[in-house]
Every structure is written in C-alpha cells, then in structure tokens.
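Since the structure comes first, as structure tokens, the remarks are kept for the end.
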Amino acid sequence: MSTTVIILAAGKGTRMRSSLPKVLQPLAGRPLLGHVIDTAKHINAEKIITIYGHGGPLVQQAFAHAQIDWVEQAEQLGTGHAVQMTLPVLPQDGISLILSGDVPCIRAATLEKLLAAAQSTGIALVTLTLADATGYGRIVRKNGDIQAIVEHKDASDEQRQIQEINTGIYAVSNAKLHKWLPRLSNDNAQGEYYLTDIVAMALADGMQVASVEPEQAFEVDGVNDRVQLAALERQFQAAQAKALMQQGVHLIDPSRFDLRGNLKVGQDVCIDINVIIEGDCEIGDGVEIGAGCVIKNTKIAAGTKVQPYSIFDNALVGENTQIGPFARLRPGAQLAAEVHIGNFVEVKNTIVGFGSKANHFTYLGDAEVGAGSNIGAGTITCNYDGANKFKTIIGDNAFIGSNSSLVAPVQIGNGATVGAGSTITRDVAENSLAVERSKQFAKENYQRPQKLKK
Ligand code: UD1
Ligand code: CA
C-alpha cells in the first residue's frame, strides 16, 4: 500500500525567541525539518506533504530542492485543522504517516512498525509512558484498548494521572482521513481543531486503534525552546557516537564529540576530545585525530596523524601524513601520502606531492608542490595582487629557505634551492640556487642609542 507522509510545520515556535522559524533551527547542523524529511525519504513515501504557516517562504526556500509538496495553513487553528489543509491533495487510498517538523529524531524503524500496525487496523499511534506527563495528550484505555486521547487541558483529575502519552505521530488510512477530518469541531478547552479527536471517530466506526512505542524515548522528543533543543542535540550526538564506537572507532570521550553530517570510518580510528566533524567526511584506518580539530567535507586517508587544533575544510589528505598542531587546510588543499604540514601552516587550493614538508608558519595558496620538497619556515606564496590570483609551481626535491616570499606567477624548478629571506619574482631554474637579499652590513663597536638616566 502506498504511503504518504504529512509533516506539521506551521507552528510559530514563539518560545525559541528567534527570527528563524522553529523548523529551521539546527540539530546536528541540519534544520529540524530536514531530519524529518530525510526520514520520510528513507521509508519510501510516495508523497511528502509539508504544512507550513509561520515563516513560510523561508521554510520553502530552505527545502527548494527536496521534492516535497507544500500546503499552507494560514491560521493555526489546531493540529486537526492543519491536516485538513492537505485534503485537496491527499490520495484517496493508502496510509498517511503524520509527523511533526519539530520532532526530528523519529527513526525510520519506528515508523515502519507504526505503518505495519496501521495496515491491519487503519489507525495506529506512537505512544510513550512518562514519569511526568504534564501537558501531553493522555491515552485513555479500557481493558487495554485505546478509547480516546484527552488533551491535558480537557482532562479530568483522574485522567491526568495517566502516564501514557500521545507523541503526536500517527499512521492513518487516507480514506478515513477524508471521512473524519471535515467532521472535527473546536468545542474544547483550547478552542482548537484537535487531530486527536479522530481516535474517537475510529472507535465509532468500530475500528481498533493500534499503538507502538519508540525504541528510545528521545525519538519522540519535540523541540519548543532552546533548552530542549540543546538537550536533544546531546542525545542525538550520544546516539551517533555510540554507533561509531560500535563500528570500532575509539572516541576518547563520546560526550565531547560532535558529528554534524555523515562520517565514514575505517578501523582503529582514534578521535580525541572536542572534535567537530561536519558535512561528508571519510577517515581511513588507523587515523588519529587530536583534540579540538574541526573537519568539514574532508577525506583523510589511512595512517595519518592529526595533532590538536587543526582545521580542515574541503580538503583531501593522503596516507600517513602528519598534520598540525594548529594547521589549516582550506578548500582545494590536496596532500599526497607522507606529507607533513605543521603548526600555523595554511594550505589553500594547493597540491602537495609525496613526502613534501611545510612544517612551520607558511602560506601555500594556488600552488603546486612536487614530491620530496622542503618548504622552510615562514614561506609565503604571494598569490594575489589585489585583483587576480596567480600560481606558484614548485618542482620535486626543491628547498625553499625560511622566510621566503614567492611572488606568483612563478616556478621553482626540480632540485632548485631558494636562499632564506629571498623575495623571488622570477622563475628559478632546475638545480640552481637563487638568493635575493642585500649583502649583510657590518659596523664594529656599534653603540645602540641609550636611554637617558634620570
Ligand atoms: C499535540 C497533541 C497532544 C500530544 C502533543 C505531543 C493535539 C490536539 N494534541 O499537542 O495530544 O501529546 O502534540 O507533542 O494534536 N501545528 C500546526 N498547526 C496548528 C497547530 C499545530 O502545524 O494549527 C503543528 C506544530 O507546529 C507542531 C505540531 O503541530 O509541530 C504539534 O503542535 P503542538 O501545539 O506542539 O501540539 P499540542 O497541541 O501541544
Ligand atoms: Ca497547541
């Protein structure tokens, strides 16, 4: 049977106190709604309908390429009213999964269970038992069978003792939604059209209401304010960290690790504390990442050792390289195997060949460095004239003396040597020495200016 996913995302999220619509607030670097849409795609939904209201254009822009349908709920008159808005585009048959844009961690496996339950009954809910159920809709059962959902504000004292709550996630027959939704009324404590009233309608139709529980409680946690957002972030991160450890990653402290994206890992990868990994990254066998590194959209091949506080952004790092501490690899940095990039070295749009080293205080931008070359401390490729970028090409086995400026466009041949402190503006031939500096001036018995004694 075909599945439609309906995502409620019209709420304002006043308690976030933010100019950003709530469903665009980030969890693990991605908008809340993005998590829900990705999960919906995982379960092969035929159609994903998102109900928007507050911040509509911003929300739509953020998901312009997501291939989802949008339905507007101009006024937020309740969850039932929200789903009513989908009726003109809701298929007549099949089942709809109803999700919330601010409940980002629901797992596909839980939704599959929910769908399976709804296949036989026509309606199923995700419920959870909480120690403190204050505020939630309560699941009223009789002899174990679900009789109703009663909102906290409408509940009697006795019903408020119920600890089983409605998580706001449902699977319902589309035919029934077409039948029931037009009949909802707002005759209740909040004057809202409650989606939860469909439970009573199902019973009136002689149906049974099925329920399933999530494997982990945080799957159904909603985000209403920044305190809840931060708490959910930690739970989400803990779950990701656990999955990585189960794949064999040695996380020195899983509570001080953040993955905001996707990470593919080899065996025996060791990650020290306070590392942040963003976007799509790959880390090969035996790689060690020191404390405080930030790694974004980067591949690091096997055997590489990264010392603390190194930053990677769209870089490609070969096998058995040594990076950092305090190295910065910017977009287009490509390091071959066994390269060394040391402290305070910045590499941008530059290819560094096998075994070459730039160990201290260097800028390599728009450059190519061959194999086996040594770039001395303080070397700068002067790649920019204020308007244009130019290339510096350094051959194999070259030696660039400390504190040299290489003014691009310029080429340093294979085996060439540049003397320390040179400003190189013309090409340097293979195996030659180039030195550009004035002769050392000397004066004997030189007396420095003295401070006057008072
Ligand atoms: C709802 C349920 C309650 C459940 C709780 C779980 C109803 C009547 N009650 O409560 O049983 O325990 O969720 O969190 O459904 N939204 C719209 N348009 C609206 C109203 C809400 O899009 O007009 C969206 C919100 O943005 C949110 C979701 O629906 O994503 C749930 O709304 P919220 O107000 O948080 O739910 P409650 O009414 O508190
Ligand atoms: Ca409400």
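What you see is a predicted model; the values in this text were computed from it and never measured. Numbering of ligands and ligand atoms starts at 1, following listing order.
- Summarising the contacts of atom 21 (C) of ligand 1 with Val23, Thr79, Ile165, Leu32, the nearest heavy atom is found in Thr79.
- Gly78 counts as a contact of ligand 1, since one of its heavy atoms falls under 4.0 Å from the ligand.
- Under a 4.0 Å heavy-atom criterion, Leu77 is in contact with ligand 1.
- Two residues are said to be in side-chain contact when any heavy atoms from C-beta on lie closer than 4.5 Å; Val407 and Phe390 fail this criterion.
- The aromatic rings of Phe326 and Phe344 sit parallel, their planes meeting at an angle under 30°, below the 60° perpendicular limit.
- Note: no N/O pair closer than 3.5 Å links Gly101 and ligand 1 by distance alone.
- Thr362 and Thr379 share no donor-acceptor pair across their side chains, judged by distance under 3.5 Å alone.
- Counting heavy atoms closer than 4.0 Å to ligand 1, residue Asn224 contributes nothing at all.
- The shell of residues lying under 4.0 angstrom from ligand 1, judged by heavy atoms, excludes His81.
- At a 3.5 angstrom cut-off on N or O pairs, Asp102 counts as close to ligand 1.
- Taking both residues in full, the closest heavy atoms of Thr381 and Gly365 are given as OG1-N, 2.8 Å, listed atom of the first, atom of the second, then distance.
- In this structure, Tyr194 and Ile149 have side chains that are not in contact, with every pair of non-hydrogen atoms separated by 4.5 Å or more.
- For a threshold of 3.5 Å applied to N or O pairs, the pair formed by Gly137 and ligand 1 contains at least one separation below that value.
- Heavy-atom minimum distance, Thr350 versus Asp366: OG1-N, 3.3 Å.
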